[in-house]
Protein chains: 2
Amino acid sequence: MIGSRTPATLHDVAREAGVSLATASRSLNGSTRKVNEEYRQRVLDAAERLGYTPNLQAQAVARGTSSTVALVVADIADPYFSSIAAGVVAEADREHLIVTMTATDRDPDRELDIVRQLRAQRPRVLVLAGSRPGPDGAASPAQLALDAELDAYELSGGRVVLVGGEDASRRTATLDNFAGAAALGRALAGLGYRRFAVVTGDEGLRTAEDRLAGFRAGILEGGGGLADTDVLRTPFTRDGGYAAVRDRIAAGLDGVELFFATNDVMAVGALSAIRDAGLAPGADVAVAGFDDIPVASDVTPPLTTVRVPLAELGRRALRLALDEDAGDAATPVTTEVVLRASTPPRG
Amino acid sequence: MIGSRTPATLHDVAREAGVSLATASRSLNGSTRKVNEEYRQRVLDAAERLGYTPNLQAQAVARGTSSTVALVVADIADPYFSSIAAGVVAEADREHLIVTMTATDRDPDRELDIVRQLRAQRPRVLVLAGSRPGPDGAASPAQLALDAELDAYELSGGRVVLVGGEDASRRTATLDNFAGAAALGRALAGLGYRRFAVVTGDEGLRTAEDRLAGFRAGILEGGGGLADTDVLRTPFTRDGGYAAVRDRIAAGLDGVELFFATNDVMAVGALSAIRDAGLAPGADVAVAGFDDIPVASDVTPPLTTVRVPLAELGRRALRLALDEDAGDAATPVTTEVVLRASTPPRG
DNA sequence: GGGCGTCGGGAAAACGTTATCCCAAACCCG
DNA sequence: CGGGTTTGGGATAACGTTTTCCCGACGCCC
């Protein structure tokens, strides 16, 4: 039971096949060099017989390049991130790459820490989702340090891809948050809504900012408006959404007809807060979200939102890192307004 | 921009510090050997100056043991698995272990394939969640092969942990599915329900089977019953739950008062199916689930379910693999019936 | 038939670590 | 003070690969 037969090595295979180490290596793993078919077959048979599996770590050391992709997300259990992760993993699988996963818990310092630790892995690709973007704007020390770290990583041959945000200075698998939110705003204004409140994350989050700005533009265009006091800053989570809406209702709805949460998990929290306050979401006050996470259509009322193909976003992130010319992976993923019962037409 | 300065190696550090490779290694990474404080400091400084980060792959090769944990789940985007994954990752983080992730898409053949591929990684620990268990019962060829593969892996020094199911022959981070479902069944019977239908996965899934059996025992005890025709076999997913309940309603509810879905994602699908059929979930027909995934309390009506501390389950899985004596990680995680509005008392 | 590519196997040097020796210096104890 | 036992630095051999050489055996061409 405590047995400890070490796995067969290439050495073993070579010996078993009666060839040199070099030949064994060449026959088993791709090589420019051709090897005599007879030898090749002997090696393959020997490998089969011994149950040989190459040691990826050793390969990485020898080749000087690993086959792992490091994925860093804010929160693994958040459907937004887990959907993206699913896409990254699926695509990585196709490329025979291995995905390692870490969670920052939305703490920029922790994120910096993690990225630093990650260097030890020497991953070929580093995918950051839900990260605060880099240098522009009022960057915190942690953001600046992160940016420097990423630069160093790229300089040493690694590829960094951001997902979700937009950062001119780095590859980004992106969606047009502004346009999507604007379209949603216009659609809602078209339904007759005029008075809004926005539930959103703190100011560091580019994604949240863009969605807020887009929404503002959209409703403005449609004749609505948004007072600064109706922008509710709260953690970018279900509980954040719940708390913000609960507090706002307690303080007086004051004419607000619709809560736009800049992501669906907050919107789900908002729904519950509304219901817990004794109001009927949809009927008494409408709710809209962003992302179209899987449960969006299963909550009640089903959530009006902007559909984002999250898994596709993850897939593209990897493509963006792997392909020299990004192709259509470089273009923003297309979003689509999905009107559901949480925002009934307002007569 | 295309720069390719390779990261500093231990060699570089040693040279910079003017000491031998051995001393550098000893000062930077744990070692039984003591090293002169002055030398140590010189090495540390040099490492700092050069921005040295050890190469984990090389360490793994040299040490003959890696620091990675391979996590295999059915579906990353499923809240059940992503919650477990979050727990595994959190605990791994504490132990400075790296988690790699793969998804089987619920395909046993694919799972086998993945586990085979995984050997190349030489992970220290292999965590399988949502796997069909091994040898007992009517095992498919893929299951048998998987079992053999896992045995081989353990023989070569790896540690396998299953999560969620129960398998006597392997370490398992477990919950008492039977007891939890039984308690739920009793509670529902206590609320006055007598006639049930169970929405569950196909017969290979131990978890599903245990929950079904437990539930059956619970309701029997409470005076309820379960006809074989009221056991609805369907894929273990949201859409599976939806389809099964939709079809059942179409075929005639025939007195069924409550749908028990053996997991929450199916239950969520059930809720939508009921609503889409023009019935009011809770009022017209009740629904209960299992797991208490995060959205369970946010759907409408909030879902009666059995709470399972999923992240804790993930944490324990890792502990179980790491600790020689499992301690309380070996005992089943405690579950708790959570009654919510989806199962109103039946008067 | 002799010079000359080219084909392909094998030896051996990487790759970046850790771990095992070896050995000089320092220390301890009687 | 002398012999034995630490102590701790430095070479160097692993670890399991890939990759660069080297080199003999062909085949080709004039």
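It should be emphasised that the depicted structure is a prediction, and the values quoted were computed from it without experimental measurement. Every chain is numbered from 1, with letters handed out A, B, ... down the list of sequences.
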Trainee: Picking from dG10(D), dG8(C), dT18(C), which would you name as closest to the side chain of Lys34(A)?
Mentor: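 Closest nucleotide among those given: dG8(C).
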Trainee: What is the distance, to the nearest angstrom, from the CG atom on Leu21(B) to the C1' atom on dA13(D)?
Mentor: 12 Å
Trainee: Does Glu91(A) come within less than 4.0 Å of Arg319(A), counting only side-chain N to carboxylate O?
Mentor: yes
Trainee: Are any non-hydrogen side-chain atoms of Thr102(B) and Leu118(B) less than 4.5 angstrom apart?
Mentor: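 They are in contact (side-chain heavy atoms under 4.5 Å apart), so the answer is yes.
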Trainee: Expressed as a whole number of angstroms, how long is the span from Leu10(A):CG to dC15(C):P?
Mentor: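 One finds 19 Å between P of dC15(C) and CG of Leu10(A), rounded.
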Trainee: So does Tyr39(B) get a side-chain nitrogen or oxygen closer than 4.0 Å to the phosphate oxygens (OP1/OP2) of dT7(D)?
Mentor: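 Checking Tyr39(B) against dT7(D): no side-chain N or O falls below 4.0 Å of OP1 or OP2.
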Trainee: Taking atom P of dT18(D) as reference, at what distance in whole Å does atom CG of Leu56(A) sit?
Mentor: 10 Å
Trainee: Just how far, in rounded Å, is P of dT7(D) from CZ of Arg33(B)?
Mentor: 11 Å
Trainee: Respond yes when some side-chain nitrogen or oxygen of Thr23(A) is under 4.0 Å from OP1 or OP2 of dG10(C), and no when none is.
Mentor: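 True: Thr23(A) side-chain N/O within range (under 4.0 Å) of dG10(C) OP1/OP2.
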Trainee: Applying side-chain hydrogen bond (donor to acceptor under 3.5 Å, both in side chains), run through Ser27(B) and Arg40(B) and close with a yes or a no.
Mentor: CA-CA 5 Å; Ser27(B) 338; Arg40(B) 215 181 69 87; over 6 Å; no
Trainee: Please state whether the phosphate of dG16(C), meaning OP1 or OP2, lies under 4.0 angstrom from any side-chain nitrogen or oxygen of Thr9(B).
Mentor: no
Trainee: Using OP1 and OP2 only, check whether a side-chain N or O of Ser25(B) sits under 4.0 Å from dT18(C).
Mentor: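 Checking Ser25(B) against dT18(C): at least one side-chain N or O falls below 4.0 Å of OP1 or OP2.
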Trainee: Which part of the nucleic acid does Val35(A) contact within heavy-atom distance under 4.0 Å: base, sugar-phosphate only, or nothing?
Mentor: sugar-phosphate
Trainee: Are Glu37(B) and Arg42(B) ion-paired here, with the side-chain N under 4.0 Å from a carboxylate O?
Mentor: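 Judged by the 4.0 Å cut-off on N to carboxylate O distance, Glu37(B) and Arg42(B) do not form a salt bridge.
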Trainee: What is the distance, rounded to the nearest whole Å, between atom CZ of Arg42(A) and atom P of dG8(C)?
Mentor: 16 Å
Trainee: Could you walk me through whether Gln121(B) and Ser66(B) pass the side-chain hydrogen bond (donor to acceptor under 3.5 Å, both in side chains) check?
Mentor: CA-CA 8 Å; Gln121(B) 271 185 61; Ser66(B) 82; over 6 Å; no
Trainee: How close or far is atom P of dG9(C) from atom CZ of Arg15(A), stated in whole angstroms?
Mentor: 20 Å
Trainee: Whether Arg63(B) contacts dT18(C) is assessed here as follows: a side-chain N or O lying under 4.0 Å from the phosphate OP1 or OP2. Is that the case?
Mentor: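 For dT18(C), OP1/OP2 do have a side-chain N/O of Arg63(B) under 4.0 Å.
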Trainee: On DNA chain D, compare the nucleotides closest to Gly64(B) and Glu37(B); which residue's is nearer the 5' end?
Mentor: Glu37(B)
Trainee: With sugar-phosphate meaning primed atoms plus P, OP1 and OP2, does Ser66(A) contact a base, only sugar-phosphate, or nothing at under 4.0 Å between heavy atoms?
Mentor: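 Here Ser66(A) touches no strand at all.
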Trainee: With heavy-atom distances below 4.5 Å as the criterion, would you say the side chains of Leu128(A) and Leu150(A) are in contact?
Mentor: yes
Trainee: With the side chain of Ala22(B) defined as its heavy atoms from C-beta on, choose the nearest nucleotide among dT18(D), dC15(D), dA19(C).
Mentor: dA19(C)
Trainee: What integer distance in Å separates Asp12(B):CG from dC15(C):P?
Mentor: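 Rounded to the whole Å, the gap is 11 Å.
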Trainee: Using the closest heavy atom to pick a nucleotide of DNA chain D for each, name whichever of Arg26(A) or Arg122(B) lands nearer the 5' end.
Mentor: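 Nearest-nucleotide comparison on DNA chain D picks Arg122(B).
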Trainee: Looking at the side chain of Asn55(A), which of dG10(D), dT17(D), dT17(C) is the nearest nucleotide?
Mentor: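 Nearest nucleotide to the side chain: dT17(D).
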Trainee: Once you round it to whole Å, what is the distance between C1' of dG16(C) and NE2 of His11(B)?
Mentor: 9 Å
Trainee: Any side-chain N or O of Asn29(A) less than 4.0 Å from the OP1 or OP2 oxygen of dT18(D)?
Mentor: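 For Asn29(A), the contact criterion (side-chain N or O under 4.0 Å from OP1 or OP2 of dT18(D)) is met.
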